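Have a look at the structure below, then the notes.
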Amino acid sequence: MAELSREPILIEGTGWDSYRLLDSGAGRKWEAFGPHSFIRPEPQALWEPRRADWDAHGEFVPGSDEDGGGRWDLADEVPQDGWPLSWNEVSFTAQPTPFRHLQFFPDMAPVWDWMRGTLAGREDAETLNLFGYTGLGTLALSRHGRVTHVDASKKSVAQARDNAALSSMDDRPIRWLVDDAAKFAAREVRRERRYDGIILDPPKFGRGPKNETWRLEDGLPGLVGDCAKLLDGDSAFLFLTVYAVRMSSVALAGLLHEKLAHLPGRIEYGELCVRESGGDTRDGRMLPTAIFARWHDPR
């Protein structure tokens with residue numbers, strides 16, 4: 001039975017050439033995405049900014065309600081069709097979206113490193129990326145074998161395939177599927193499939209390609225239960241991240257502990273954070289971004 005860690009952990013991102021958290025505070029954050037910097041809302045930045053001169057190329061101005069809405073105020077030099085960035089050998093396009101982000105989640109970079117570490121030395125792994133979005137996690141995993149990428153958004157899957165071509169990885173063994181993640185996982189269970197690793201990043205609310213409704217609190221237990229059936233004693237990992245919800249990582253860990261009881265290994269939980277790297281400070285603050293729970297077998 002998997003051992004449940006009693007202490008939460010922090011997974012800390014420090015940025016890289018294509019991304020830096022420059023400063024944060026007063027409910028906002030200032031980030032560099034390659035040659036362009038942007039200001040975005042950040043409710044968890046409760047402190048005051050360390051710099052007064054946030055000279056950004058754009059800002060997302062939120063709407064009046066809590067659950068979304070708003071608009072980008074962008075300088076003319078920001079390319080409307082996006083611009084190229086990279087993470088290690090993975091190349092991709094960054095572009096402001098109506099959902100505040102820029103077509104990728106930079107706090108996931110240390111997670112991609114961790115997943116690769118669990119599969120080190122392997123080129124025959126079978127992995128599954130549910131809610132795969134624009135495919136950076138998929139491309140990071142593809143060096144270790146076949147990847148199945150699932151997202152309900154046809155546009156996101158098309159962007160993921162474009163990122164694969166931009167990375168010269170369009171010949172890698174990746175299945176690109178526009179599908180409802182929960183329904184796909186259930187079908188895979190019926191097919192008696194197995195995977196060496198699963199990454200899932202479910203939204204708070206969403207709709208499938210056939211207008212299926214997804215609500216995190218209702219759908220997550222069943223989805224994790226199906227994912228557990230797709231893993232066995234020879235599998236390496238499951239990584240679950242959740243954003244923008246009033247939920248604890250302890251709850252996620254409890255769910256994994258219940259559903260993955262048949263597996264060896266260890267269950268850990270905590271928060272994803274990004275450390276500030278701008279200004280002349282040597283002790284950059286950490287900004288929390290998401291909660292997570294993960295299972296892995298160190299063997």
Side-chain angles (χ1 to χ4, degrees), residues 10-87 92-112 131 133-134 136-137 153 155-156 159 163 201-206 241-246 271-279 281 284-292:
L10 296 179
I11 296 181
E12 177 189 331
T14 56
W16 69 99
D17 287 347
S18 287
Y19 173 79
R20 302 285 180 191
L21 174 61
L22 302 174
D23 197 6
S24 62
R28 303 188 303 165
K29 57 186 175 182
W30 180 35
E31 303 158 289
F33 293 82
H36 305 292
S37 69
F38 301 93
I39 299 168
R40 296 193 287 166
E42 182 47 73
Q44 296 197 88
L46 302 176
W47 44 82
E48 289 300 313
R50 285 177 163 155
R51 296 179 58 175
D53 56 337
W54 285 15
D55 185 15
H57 297 92
E59 180 173 2
F60 187 88
V61 182
S64 58
D65 60 287
E66 179 183 350
D67 290 327
R71 60 178 177 82
W72 283 97
D73 183 8
L74 299 172
D76 292 340
E77 60 262 39
V78 176
Q80 292 186 357
D81 296 330
W83 60 97
L85 296 179
S86 63
W87 174 83
F92 56 95
T93 298
Q95 183 179 25
T97 74
F99 308 104
R100 307 187 184 196
H101 49 77
L102 286 92
Q103 296 198 140
F104 76 107
F105 297 100
D107 56 330
M108 289 294 292
V111 177
W112 304 329
F131 310 96
Y133 194 40
T134 56
L136 273 65
S153 168
K155 182 178 180 180
S156 292
Q159 183 62 57
N163 287 336
D201 180 19
K204 179 180 179 181
F205 176 84
T241 52
V242 174
Y243 290 81
V245 296
R246 296 182 178 92
E271 297 193 34
L272 301 185
C273 302
V274 179
R275 186 176 290 277
E276 290 179 1
S277 58
T281 59
R285 293 173 297 205
M286 286 197 297
L287 182 66
T289 59
I291 58 174
F292 78 90

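No hydrogens, no waters, no symmetry mates; every other heavy atom, side chains included, goes into these values. Just so it is clear, the model here is predicted, and its values are computed rather than measured.
Judged purely by atom type and a 3.5 angstrom limit, R40 uses its side chain to pair as donor or acceptor with the backbone of R100. In this structure a side-chain-to-backbone donor-acceptor pair under 3.5 Å is missing from W30 to G25. Proximity of a side-chain donor or acceptor of H57 to a complementary backbone N or O of S37 within less than 3.5 Å is detected. Side-chain N or O atoms of T289 include one that pairs as donor or acceptor with a backbone N or O of L272 at under 3.5 Å. Side-chain atoms of E12 do not come within 3.5 Å of backbone N or O of M286 as any donor-acceptor pair. In this structure, S18 contributes its side chain and S86 its backbone to a donor-acceptor pair below 3.5 Å. In terms of modelled atom types and a separation under 3.5 Å, the side chain of W72 and the main chain of T97 share a donor-acceptor contact.
For the atom pair CG (L21) and CZ (R275), the distance works out to 10.5 Å, reported to the nearest 0.5 Å. Once rounded to the nearest 0.5 Å, the distance linking CD1 of I291 with CZ of R246 reads 12.5 Å. D73 contributes atom CG, which lies 11.5 Å from atom CZ of F60 (distance to the nearest 0.5 angstrom). If you take CG on L22 and NZ on K29, they are separated by 12.0 Å, rounding to the nearest 0.5 Å. The distance from the CZ atom of F33 to the CG atom of L85 is 8.5 Å, given to the nearest 0.5 Å.
You'll find the side chain of W16 reaches within 4.5 Å of the side chain of P106, heavy atoms only. The side-chain heavy atoms of F104 and N163, taken from C-beta on, include no pair separated by under 4.5 Å. Side-chain contact between E42 and S24: absent, with no pair of heavy atoms (C-beta onward) separated by less than 4.5 Å. In this structure, the side chains of M108 and L136 stay at 4.5 Å or more apart for every pair of heavy atoms. You'll find the side chain of L102 reaches within 4.5 Å of the side chain of F38, heavy atoms only. At least one side-chain heavy atom of F131 sits under 4.5 Å from a side-chain heavy atom of P203.
In terms of heavy-atom proximity, W47 sits nearest to E276 at NE1-OE2, 4.0 Å. Between C273 and P288, the shortest heavy-atom contact is SG-CA, 4.0 Å.
Counting non-hydrogen atoms of neighbouring residues, nucleotides and ligands closer than 6.0 angstrom, the CD atom of Q80 reaches no more than 12 such neighbours.
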Full working for side-chain contact (heavy atoms from CB on, under 4.5 Å) between D201 and Y133: CA-CA 9 Å; D201 180 19; Y133 194 40; over 6 Å; no
Full working for side-chain contact (heavy atoms from CB on, under 4.5 Å) between E59 and W54: CA-CA 10 Å; E59 180 173 2; W54 285 15; over 6 Å; no
D107/Y19 under side-chain contact (heavy atoms from CB on, under 4.5 Å): CA gap, chis, key distance, verdict: CA-CA 10 Å; D107 56 330; Y19 173 79; over 6 Å; no
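Using cut-offs of 30° and 60° for the angle between ring planes, the F105 and H101 rings count as tilted.
Aromatic ring centres of F92 and W87 lie farther apart than the 6.0 Å criterion allows.
Scanning for side chain to side chain donor-acceptor pair (under 3.5 Å) contacts around D53 gives R51, with sequence neighbours left out.
Defined by atom type and a distance below 3.5 Å, a donor-acceptor pair is missing between the side-chain atoms of Q103 and T93.
Using a 4.0 Å cut-off between a side-chain N of Lys or Arg and a carboxylate O of Asp or Glu, D23 and R285 qualify as a salt bridge.
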